Amino acid sequence: MRQFELVERVKSYDPGADDNLLNRAYVYGTNMHGTQTRESGDPYFAHPVEVAGILTDLKLDGDSIITALLHDVVEDTEGTLEDIERMFGPEIARLVDGVTKLGRLELQSEQTKHAENFRKLVLAMSEDIRVLMVKLADRLHNMRTLRFVKSEDKRKRIARETMDIYAPLAERIGMQRFKDELDDLAFAELNPDARNSIVARLEFLEEQGGNVTQRVNDQLARDLAGDGVEAWVSGRIKTPYSIWRKMQRRNVGFEQLADIMAFRVVVGSVDDCYRALGSLHSHYPVVPGRFKDYISTPKPNGYRSLHSGLIGPERQRIEVQIRTREMHDVAEFGVAAHWKYKQAPGDTSSLVEGRQFRWIRELLDILEHTANPEEFLEHTKLEMYQDQVFCFTPKGDLIALPRGSTPIDFAYAVHSEVGNTCVGARVNGRMVPVRSLLRNGDQVDIVTSKVQTPSPDWESFVVTGKAKAAVRRFVRLEQRAQFAELGKQMLERAFRHEGFDLTEKGVAGVLKKLKADSVADVYVAVGQGNMTAREVLVSVFPGVKDKDKPQKVVSISRGRNKSKGRESAVPIKGLIPGMAMHFAQCCHPLPGDRIVGIVTTGKGVTVHTIDCDTLQAYQDTPERWVDLSWERETDNEPFTGRLHLVVMNEPGNLGSLSTVIGKHEGNISNLKITNRSIDFFEMLIDLEVVDVRHLTNIIAALRTMPAISSVDRARG
């Protein structure tokens, strides 16, 4: 896009924009990027211009467009924030700083660097949401040109980061069009086989049906017009990624999905929304359980619409979304729609404030409670993923939570102090355990006590990032206090043995020598075993003879995995040091599963998944149960997962199955045919995988194969 074209586009919807400043930014960006090129071979400045163009489609203000033009200047050229502030003012300098990565900082690892970048983005967007919108446009254009990146590892890392962080962020501010495109572009890179298979099947269905989407669309429009409802109707096939996710979530194959078509009905007013709903319900059967009213109860990101599942024209199962024009713009562009409506007289939209930005404040709470960037990133992912339940406080305030949330999650969503002092909860007037799962529409009353503190056990069942961060912080502080007390006692004993008294003044004088920041840090280090009491004693009193040197300390892992004839630490916490441990053969637990241990005499602890049927036999012996969880990532160490498959009995199918598993880096360690007929084989396959996500990806890939009738994770 040329300079005058960009300026004209901005002026067309924002006549008050400073065209002189826009022109100056375009020229400055061109000069600073100079002869730089992208991996595609295009001039580098083409990228900032394209990002600015994406934002003009959203009708963003002039400052946002200038920020897009300059967003890579500080990172990739000799330009500085001081230069930008001098030429374009403090407002634009602040926005550019928020979008700029921390690329020039030397951080410990790529993961830490990624997490630090995200911390900075959260802080910046909490002050001005435009920072996030420029960042999303930047990521969208990078994903559109991802194919030009030569390194496959880098492409996959960018795609995974997009799917984990930026697509959910787009959803959180209601920019569904951005989210859908980001997800689908990332899906094409991360799982091209599955996507191509779904696309091929959609094309086949379209050919067989003879443009059935258009016929259904026309019939719905005629039905509404016949009932006197003036409406604009449009139909579309859902994106390959949304279809794939639905296959995973419902555990079904492509053929079993019926509602892959969605239709939007746009009407003039809220009253017309409900009239249109009544019209369609009078013409077509309703699919039970598929009606949702997001007009009376909007989503946290401001989304409002009526959803209904119907057996529509030509007996097609369809989803219908009914909304006004303003609701439609918000559904497509989210917070960006605010710029279109902000000058409208009588605007009652609550897009900019209120619940929609509560989640940003919750991210800031997490930022305050986490110990390191990686932990913040983990909790943030938990906070952003969206499958939600809506609950109410006793006063009727709406609290949106992820599906699977408990009263503890609800308490922390109300306020951190309410969560910290929670002792119980009444759900719909009845006392329930704090582990209970909440459901849509529950009214929750939290019972608190001033003497209550968070329990370490809570971390095993809470699901929101805010709750996990708060519990971990409390446990971390409690452990630090205990280590400090233990370390102080050890030092007092060591000093007394040599005839000295331990004083804080003495220890404070050698902090530099001990490479510690405070006396408390020295106590904690001694209590944790990272520093010996003798080292501190010799530092404070150098004249003490270095006698009775401590013996070499050998670290003991909390469990051993003796598979494949080697010993390697098993990343499970909750075990007593030295206790024998093995994995149950009935459920084959994998890293990422929720797990529990059962103590067996003579065998130690047997690790089961939390939903294993075998656990029913131990319901009457709670003393044998041990709370366990995965402590860390497994460094690609293989674990065994078992699948149950029904495969069509046709030549080449077994080879195709093996190829798909191999492509996804799984390894078949055992295969057993459990039942056979003329048409189908049933079989059990043991796969070596890294974790439960790895196994889930393989299952999803197998479900896209025509040769596979069904595939599930085997139990029992």
Side-chain angles (χ1 to χ4, degrees), residues 190-191 193-194 248 251 253 557 559-572 575 580-598 600 603-615 628 630-676 680-705 707-716:
L190 294 171
N191 204 339
D193 291 344
Q248 279 194 308
N251 197 20
S557 294
R560 294 288 176 186
N561 178 9
K562 299 186 178 180
S563 64
K564 296 199 169 185
R566 72 180 191 276
E567 289 197 344
S568 58
V570 174
I572 289 179
L575 291 174
M581 181 275 296
H582 62 278
F583 294 109
Q585 296 302 302
C586 48
C587 54
H588 294 279
L590 297 172
D593 284 326
R594 293 177 63 192
I595 54 176
V596 68
I598 299 295
T600 307
K603 292 185 178 180
V605 174
T606 305
V607 181
H608 295 263
T609 60
I610 199 72
D611 56 353
C612 180
D613 292 340
T614 307
L615 295 177
L628 301 177
W630 298 97
E631 191 165 37
R632 57 174 172 75
E633 293 187 359
T634 60
D635 298 324
N636 293 328
E637 179 180 285
F639 288 77
T640 299
R642 178 168 290 177
L643 300 182
H644 175 262
L645 298 95
V646 178
V647 184
M648 293 182 186
N649 184 9
E650 295 174 357
N653 282 354
L654 193 58
S656 300
L657 182 151
S658 303
T659 301
V660 170
I661 291 173
K663 271 188 177 181
H664 288 78
E665 300 179 349
N667 182 46
I668 299 176
S669 60
N670 194 18
L671 186 150
K672 179 181 179 182
I673 295 175
T674 57
N675 191 17
R676 68 183 72 201
F680 295 99
F681 278 11
E682 283 189 55
M683 61 181 70
L684 292 174
I685 294 181
D686 287 350
L687 295 180
E688 288 183 348
V689 293
V690 174
D691 53 23
V692 71
R693 175 185 280 186
H694 189 185
L695 185 67
T696 302
N697 286 341
I698 292 175
I699 292 173
L702 292 173
R703 284 180 180 152
T704 65
M705 293 177 58
I708 305 292
S709 176
S710 69
V711 54
D712 299 283
R713 191 169 171 189
R715 303 288 188 185

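Since the structure is predicted, the reported quantities are computational estimates derived from the model, not experimental observations.
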Give every residue pair that meets the salt bridge (charged side-chain N to carboxylate O under 4.0 Å, His left out) criterion with at least one member in residues 646-662, sequence neighbours excluded.
none

Could you give all pairs that pass the side chain to side chain donor-acceptor pair (under 3.5 Å) test and reach residues 654-663, with sequence neighbours left out?
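Qualifying pairs, neighbours excluded: D193-K663.
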
May I ask you to decide if P589's main-chain N or O and T609's side chain share a donor-acceptor pair within less than 3.5 Å?
no

Give, for atom [atom1] of [X] and atom [atom2] of [Y], the distance between the pair rounded to the nearest 0.5 Å.
{"X": "D686", "Y": "Q585", "atom1": "CG", "atom2": "CD", "result": "8.0 Å"}
{"X": "N653", "Y": "I708", "atom1": "CG", "atom2": "CD1", "result": "7.0 Å"}
{"X": "L643", "Y": "S710", "atom1": "CG", "atom2": "OG", "result": "11.0 Å"}
{"X": "L654", "Y": "I673", "atom1": "CG", "atom2": "CD1", "result": "7.5 Å"}

How would you list, by chain and number, every residue that makes a side-chain contact (heavy atoms from CB on, under 4.5 Å) with [X], sequence neighbours excluded?
{"X": "A584", "value": "C586, C587, T606, H608"}
{"X": "I610", "value": "R594, V596"}
{"X": "E682", "value": "H644, V646, T674, N675"}
{"X": "N649", "value": "F681"}

side-chain hydrogen bond (donor to acceptor under 3.5 Å, both in side chains) against D593, all qualifying residues, sequence neighbours excluded
R713

Would you call the rings of F583 and F639 parallel, tilted or perpendicular if under 30° counts as parallel and over 60° as perpendicular?
perpendicular

